[in-house]
Amino acid sequence: MNNNNKIYQTMKRKFFILAMLLISAVLAFGQALSEQAAILKQCLDTPAIQQQFPTDSQGHPNAVYIMQHAVSFPTDIPVSKFGQRIIFLEKDDMFNKNVEAFIMFEKLEISGSNADVIMIFNKNQGNGYQAYEIKLSLAKNASSWSVSETKANWR
């Protein structure tokens, strides 16, 4: 009976450790998602691209499209722009739908309280897409992210 008790206690400890690791992984993923959402929101709000977003015939901004390519986001990420949810599409879908303008992220690196982003704003000019590259450096102060440096130019 004593040997069974030792086995039971060992299994109990292993199960506890496994449960704690699983909980930690779930919490880390949730935190990573909220960090990505906060950074994505800052990217979409950067003054460098505000004038580039297309509008409808009444001057209201169209939905914002993001191409899932070099950097992909979870499609349920809680970010909106102009009161509308962001629309995430794969590369083929983006071109098949003939989207007027979209953003593609080439780089999104988060390292502690710093993040570096390269995003390309692609706008259909009738004879093809024109690309506007925006490089952002972000810093986390307390619990919020803010843009610390912006470089933008047409490709």
Side-chain angles (χ1 to χ4, degrees), residues 16-155:
F16 177 75
I17 291 169
L18 183 61
M20 294 307 292
L21 288 172
L22 183 60
I23 290 169
S24 297
V26 168
L27 290 174
F29 176 75
Q31 184 177 10
L33 181 62
S34 66
E35 295 290 310
Q36 278 188 339
I39 291 168
L40 179 56
K41 182 68 175 153
Q42 288 294 314
C43 292
L44 296 177
D45 289 345
T46 187
I49 61 170
Q50 297 311 300
Q51 298 303 314
Q52 302 305 321
F53 289 110
T55 57
D56 63 19
S57 60
Q58 298 173 338
H60 300 103
N62 291 339
V64 174
Y65 288 84
I66 294 181
M67 180 190 287
Q68 301 280 55
H69 190 55
V71 175
S72 292
F73 296 93
T75 55
D76 62 345
I77 194 166
V79 177
S80 62
K81 181 73 176 164
F82 308 123
Q84 303 174 54
R85 296 231 1 123
I86 305 301
I87 299 171
F88 297 94
L89 294 175
E90 298 295 325
K91 183 177 182 178
D92 291 341
D93 295 330
M94 192 69 69
F95 292 113
N96 289 338
K97 290 184 183 271
N98 198 26
V99 174
E100 184 178 356
F102 64 88
I103 298 170
M104 180 182 70
F105 285 80
E106 287 188 345
K107 175 182 173 183
L108 172 60
E109 291 180 358
I110 304 170
S111 177
S113 61
N114 295 304
D116 291 310
V117 176
I118 298 175
M119 60 183 189
I120 311 299
F121 188 94
N122 296 280
K123 194 169 187 177
N124 193 338
Q125 301 295 330
N127 58 350
Y129 285 92
Q130 188 173 17
Y132 190 58
E133 180 182 72
I134 302 100
K135 294 180 181 181
L136 301 170
S137 295
L138 296 96
K140 186 174 183 181
N141 302 319
S143 63
S144 64
W145 288 90
S146 60
V147 176
S148 57
E149 184 178 354
T150 304
K151 294 179 184 174
N153 60 333
W154 289 100
R155 278 187 172 182

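- For the salt bridge (Lys or Arg N to Asp or Glu O under 4.0 Å) test, no residue two or more places apart in sequence or in another chain qualifies with Asp93.
- For Tyr65 and Phe53, the ring centers sit 6.0 Å or farther from each other.
- Aromatic ring centres of Phe121 and Phe102 lie farther apart than the 6.0 Å criterion allows.
- In this structure a side-chain-to-backbone donor-acceptor pair under 3.5 Å is missing from Gln84 to Ser80.
- The two residues Leu138 and Gln42 come nearest to each other via the heavy atoms CD2-CB, 3.6 Å.
- A donor-acceptor pair under 3.5 Å is absent between the side-chain atoms of Lys135 and the main chain of Ala152, judged by distance alone.
- Between Val79 and Gln36, the closest side-chain pair of non-hydrogen atoms is not below 4.5 Å.
- In this structure, Lys97 has no salt bridge (Lys or Arg N to Asp or Glu O under 4.0 Å) partners at least two apart in sequence or on a different chain.
- Using a 4.5 Å cut-off on side-chain heavy atoms (C-beta onward), Phe105 and Val117 make contact.
- The two residues Ser148 and Ala139 make their nearest non-hydrogen contact at OG-N, 4.3 Å.
- For Asn114, there are no side-chain hydrogen bond (donor to acceptor under 3.5 Å, both in side chains) partners two or more places apart in sequence or in a different chain.
- Listed by chain and number, the residues in a side-chain contact (heavy atoms from CB on, under 4.5 Å) with Asn153 are Glu133 (sequence neighbours excluded).
- A donor-acceptor contact shorter than 3.5 Å is absent between the side chain of Arg155 and the backbone of Ile120.
- Residue Lys41 places its NZ atom among more than 12 non-hydrogen atoms of other residues, nucleotides or ligands, all under 6.0 Å distant.
- Every residue meeting the salt bridge (Lys or Arg N to Asp or Glu O under 4.0 Å) condition with Lys151, not counting sequence neighbours, appears here in chain and number order: Glu149.
- The side-chain hydrogen bond (donor to acceptor under 3.5 Å, both in side chains) search around Glu90 returns none, not counting sequence neighbours.
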